[in-house]
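To start, the structure under review is shown below, and the notes come after it.
Worth knowing before you read on, the calculation uses all heavy atoms, side chains too, and leaves out hydrogens, waters and symmetry mates. Order of appearance sets the numbers: ligands from 1, and atoms from 1 within every ligand. No experiment lies behind these values; they were computed from the predicted model shown.
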Amino acid sequence: APILSIRDLRKTYDNGFEALKGVSLDIQPGEILALLGPNGAGKTTLISAVCGITRITSGTATVAGHDVQRDWRQARELIGLVPQEISLESFEKVRRTVAFSRGLFGKPRDDAAVERVLRQLSLWDKRDSTAMQLSGGMKRRVLIAKALVHEPRVLFLDEPTAGVDVELRRDMWRVVDELRREGVTIILTTHYIEEAEAIADRVAVISRGRILLVEDKDSLMRRM
Ligand code: ADP
Ligand code: ADP
């Protein structure tokens, strides 16, 4: 069964703009799906709708069978979201920042879980640094650690490499590849075709609020 199932999802913003015009998509456990599309296509709207940040106008999204609108409490525990902006101007130490995120999900304190995720993201050596002292790449890793520490089944990455240099982009690709090997299901948005090619198993091309095609990466690349 798919871990994430989106059916005829529509989003009309309060100003009347139709940002999503009936999106349907199934994502299998362990899969890495890239949502590829130009700026304004509706990528952020789609993940915001599934992650409960923006209201769904109509249609459904379910995570492991939990409807994100009706069973929001159960659904949100299964979701991790790494937002686009690096908003990490924290004076807290990395370990506390990450542990706090776990608490936000109502999960009991678990130092071992925090250590595991910090090691997974090569942040263990930085555990006593404050997030503000870190490089951009390390900050992004902290954001991923915060999104993973409550052990979600599905991780959403919104433009993980927007505005970063080539080296940092490669670093992010490596992180995603490591998470893949741990079996995390990942949906990431990007407007770089090379990025979709480098890290995704499947690519969904989105434009003006509609999915134009969904294909295995290899068959898509053969056609490009
Ligand atoms: P993408 O992530 O693909 O760049 P977005 O989902 O951010 O696209 O935006 C899709 C479209 O919806 C854009 O035209 C954007 O201007 C519009 N939009 C986004 N948020 C709002 C909002 N809160 N109110 C009205 N329009 C919005
Ligand atoms: P919702 O339907 O999810 O409540 P709203 O239409 O109320 O969304 O807008 C949410 C926020 O997005 C508002 O603070 C608004 O100022 C902002 N916003 C409005 N237009 C845009 C746009 N074109 N792109 C991005 N954000 C926008």
Give the numbers and elements of all ligand 1 atoms closer than 4.0 Å to a heavy atom of Pro38. 3 (O)
Do you see a donor-acceptor pair shorter than 3.5 Å between the side chains of Ser5 and Asp26? yes
Near Phe17, which atoms of ligand 1 are under 4.0 Å from a heavy atom of that residue? 11 (C), 12 (O), 14 (O), 17 (C)
In ligand 1, the atoms that come under 4.0 Å of a heavy atom of Asn39 are 4 (O)
Under a heavy-atom criterion of less than 4.0 Å, does Gly209 contact ligand 1? no
Under a 3.5 Å cutoff, is there a donor and acceptor pairing between the side chains of Glu92 and Thr130? no
Is there a path of hydrophobic side-chain contacts, each under 4.5 Å between heavy atoms, that joins Val214 and Leu35? yes
Assess whether side-chain hydrogen bond (donor to acceptor under 3.5 Å, both in side chains) is satisfied between Thr44 and Asp158, documenting all intermediate values. CA-CA 7 Å; Thr44 298; Asp158 196 2; 3.0 Å; yes
If we number the atoms of ligand 1 from 1 as shown, the ones under 4.0 Å from a heavy atom of Ala19 are 12 (O)
List every atom of ligand 1 that sits less than 4.0 Å from any heavy atom of Ala41, numbering the atoms from 1 in the order shown and giving each element. 1 (P), 3 (O), 8 (O)
Determine whether the side chain, the backbone, both or neither of Thr45 has a heavy atom under 4.0 Å from any heavy atom of ligand 1. both
Can you list everything that forms a side chain to side chain donor-acceptor pair (under 3.5 Å) with Arg141? Sequence neighbours excluded, please. Asp171
Look at ligand 1 and say whether Gly42 reaches it with a heavy atom at a distance under 4.0 Å. yes
Enumerate the residue pairs fulfilling side chain to side chain donor-acceptor pair (under 3.5 Å) with a member in residues 204-216, sequence neighbours excluded, ordered by first and then second residue. Glu215-Ser219, Glu215-Arg223
